[in-house]
Amino acid sequence: MGYSSAEEREALFSSTKTGAEDKQSEYRSLDRHESASSVSSDESVQSPEQSERGWAWVVLFASFLCLCVLDGISYTFGMFLGPLMEELKCGRSGISAAGSLQVGIYSMSGILASRLVTRYGSRPVCMAGTLIATLGLVCASYSWNLPSLLASYSVITGLGFGLMYIPAVVAVAEHFSKRRSLAMGICVCGTGVGTFLLAPVELSLLSAVGWRWTFVCMGGLCSLCIVCGLAMSPAQLCPGDRHLRRRRSTAVSLHGFIVDDLTVSTESIQNGNSCLKMFASLFLSKDLLESPALSTFLLVALADGVATLALFIPFTFLPDLAMAAGVSSKDAAFLISAAGISSSVGRILSGWLCDKPWCNPIVLTTAAVSSASLPSLLLPWVSAYPLFLLLSCMFGLLTGCWISATSPLLVRVLGLPLLPPAFGLMTAVQGAAALAGPPLAGAATDWLDDRAVALHCTGGLLVAATGLFVVAAQHNRGRERKQQYQDI
């Protein structure tokens, strides 16, 4: 009986390995066929400069509008705080939790969105996200208590926004090459512009028609992003890059599991490596797992997560700190607007810099994060409003440079084909960090009974993130040198 089991196991391993080898042979045949066909179509493919003069700018404008709408609605939830507290009979912490949960789901759905974009492309995913977000906003207008608000606004709308955000950013990256970083910097400026424009619009609607109809109006505005999604057509790549967009998938049945994009060998099954890959593939794509730059990416993701813990703390606690120093409530609120406007300037500046051949995005990110720690550490020590305004603008400018350099950094480290899964995972990490940062800073502030503690936490976290970015930069430099030696 034992001999029969071993024989059956060997037969299973042999057939699985043979099937994988047959698939690899099929892929090589497809590669040869694709290479031959691409030679005959060279004349029909536009150069990067030609493609960036045409439809690429329409895609950029559509993605910019998507971010204006989704981030504008998401970041101005505070406008609904008073009306919702009054009608739903909930406290400030309960209503604010709805906004925080929405941002968290919106960000952490990036892993799902990146998988869908890789498989189906940006256009259908963005359009589906628009429909889901519109449904959530309209359903939120019928909320009668906190759980119904959490289910509609936080969960449904947050999922829809996540499915809109990743396709918008990836579509811009795919349509630009020569000025990709600048284009992506302009795209992510939609966050600040949308927040700046929608805040007064929502204030007027709330006073005129109430919060329920304001949610319906926001749903109607969101539904217009269907047109933006339609504009996100598949990018036309040069012949040498076409194989990067072709989905190489094969389903291998292994003890009841379906393993996508996985070549199974006898040794990996015996050692349990395939099971480990299956578990890791829940969070990372197979191509990302096999990338030689995976360790560098994980260091960058860790550093970015630590920095994101600090990012939203000043936006939450700075107005209170300024008012305690004698600044009026109106001027204290303008500090946040000034930081947002400066962040938009920083994002465009960072995109322009990252397009320069002498600029390394990971070095720029390290410099921006380390410099951003200075204004956050100095803010608790000032009392004059001009200094508050200057330091707030510095913080917004520098963090905007860091945020805009994230996508060029991932392209530099991993390459464009791995941008969707990597950016999706980074967005999920950022969402979890954004949820945890302000509450932790608030707990520390209450424990020590000192408003300045929150800004000190911001500075400390940014300093720690700087150290991690330095390690990631050194690791990436060593990897690039090793790759150069291997190429020689």
Side-chain angles (χ1 to χ4, degrees), residues 68-107 132-161 191 194-223 312-324 327-337 339-340 434-439 441-443 445-446 451 454:
C68 278
V69 172
L70 69 94
D71 279 338
I73 295 174
S74 181
Y75 289 177
T76 56
F77 179 72
M79 306 295 296
F80 294 85
L81 193 61
L84 288 173
M85 288 173 59
E86 181 179 353
E87 184 160 343
L88 300 184
K89 308 300 181 184
C90 292
R92 186 180 301 272
S93 60
I95 298 298
S96 60
S100 298
L101 181 60
Q102 193 249 54
V103 173
I105 292 177
Y106 153 32
S107 300
I132 294 173
T134 301
L135 175 64
L137 289 167
V138 174
C139 290
S141 68
Y142 292 95
S143 299
W144 64 92
N145 55 19
L146 182 59
S148 61
L149 182 67
L150 291 173
S152 57
Y153 180 79
S154 302
V155 177
I156 300 177
T157 305
L159 176 62
F161 283 169
T191 299
T195 303
F196 183 78
L197 293 178
L198 284 186
V201 172
E202 289 178 356
L203 182 61
S204 300
L205 288 172
L206 286 168
S207 61
V209 298
W211 67 269
R212 294 186 185 275
W213 279 106
T214 302
F215 269 135
V216 173
C217 292
M218 292 300 104
L221 178 64
C222 184
S223 67
F312 293 97
I313 294 176
F315 290 94
T316 304
F317 295 96
L318 180 57
D320 184 56
L321 179 69
M323 287 187 289
V327 177
S328 68
S329 58
K330 183 178 180 181
D331 289 338
F334 183 73
L335 294 176
I336 304 302
S337 299
L435 275 176
T445 300
D446 293 338
R451 292 183 177 89

Can you confirm whether Glu86 is buried at CD, in the sense that more than 12 heavy atoms of other residues, nucleotides or ligands lie under 6.0 Å from that atom?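 Counting other residues, nucleotides and ligands, CD of Glu86 stays at 12 neighbours or fewer.
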
Using the side chain to side chain contact (heavy atoms under 4.5 Å, CB included) rule, pick out the option among Leu70, Leu159, Leu101 that qualifies with Tyr106. Leu70

Does [X] reach the side chain of [Y], with side-chain heavy atoms less than 4.5 Å apart?
{"X": "Leu137", "Y": "Cys222", "value": "yes"}
{"X": "Thr214", "Y": "Val209", "value": "yes"}
{"X": "Leu198", "Y": "Ile73", "value": "yes"}

Interatomic spacing from [atom1] in [X] to [atom2] in [Y] - rounded to 0.5 Å:
{"X": "Leu149", "Y": "Ser141", "atom1": "CG", "atom2": "OG", "value": "11.0 Å"}
{"X": "Leu88", "Y": "Trp144", "atom1": "CG", "atom2": "CH2", "value": "11.0 Å"}
{"X": "Thr134", "Y": "Ile156", "atom1": "OG1", "atom2": "CD1", "value": "12.0 Å"}
{"X": "Met323", "Y": "Leu318", "atom1": "CE", "atom2": "CG", "value": "9.5 Å"}
{"X": "Leu84", "Y": "Lys89", "atom1": "CG", "atom2": "NZ", "value": "12.5 Å"}
{"X": "Leu206", "Y": "Cys217", "atom1": "CG", "atom2": "SG", "value": "10.0 Å"}

Under the 3.5 angstrom rule, does the side chain of [X] hit a backbone N or O of [Y] as a donor-acceptor pair?
{"X": "Ser74", "Y": "Asp71", "value": "no"}
{"X": "Ser207", "Y": "Ser204", "value": "yes"}
{"X": "Thr157", "Y": "Ser152", "value": "yes"}

Which atom names give the shortest non-hydrogen contact between [X] and [Y], and what distance separates them?
{"X": "Leu335", "Y": "Ala322", "value": "CD1-CB, 3.8 Å"}
{"X": "Trp211", "Y": "Ala140", "value": "CZ3-O, 3.5 Å"}
{"X": "Asn145", "Y": "Ser148", "value": "O-OG, 2.7 Å"}

Going through the distances and angles, do Phe80 and Tyr153 end up as a ring pair (Phe, Tyr, Trp, His ring centres under 6.0 Å)? CA-CA 12 Å; Phe80 294 85; Tyr153 180 79; 7.3 Å; no

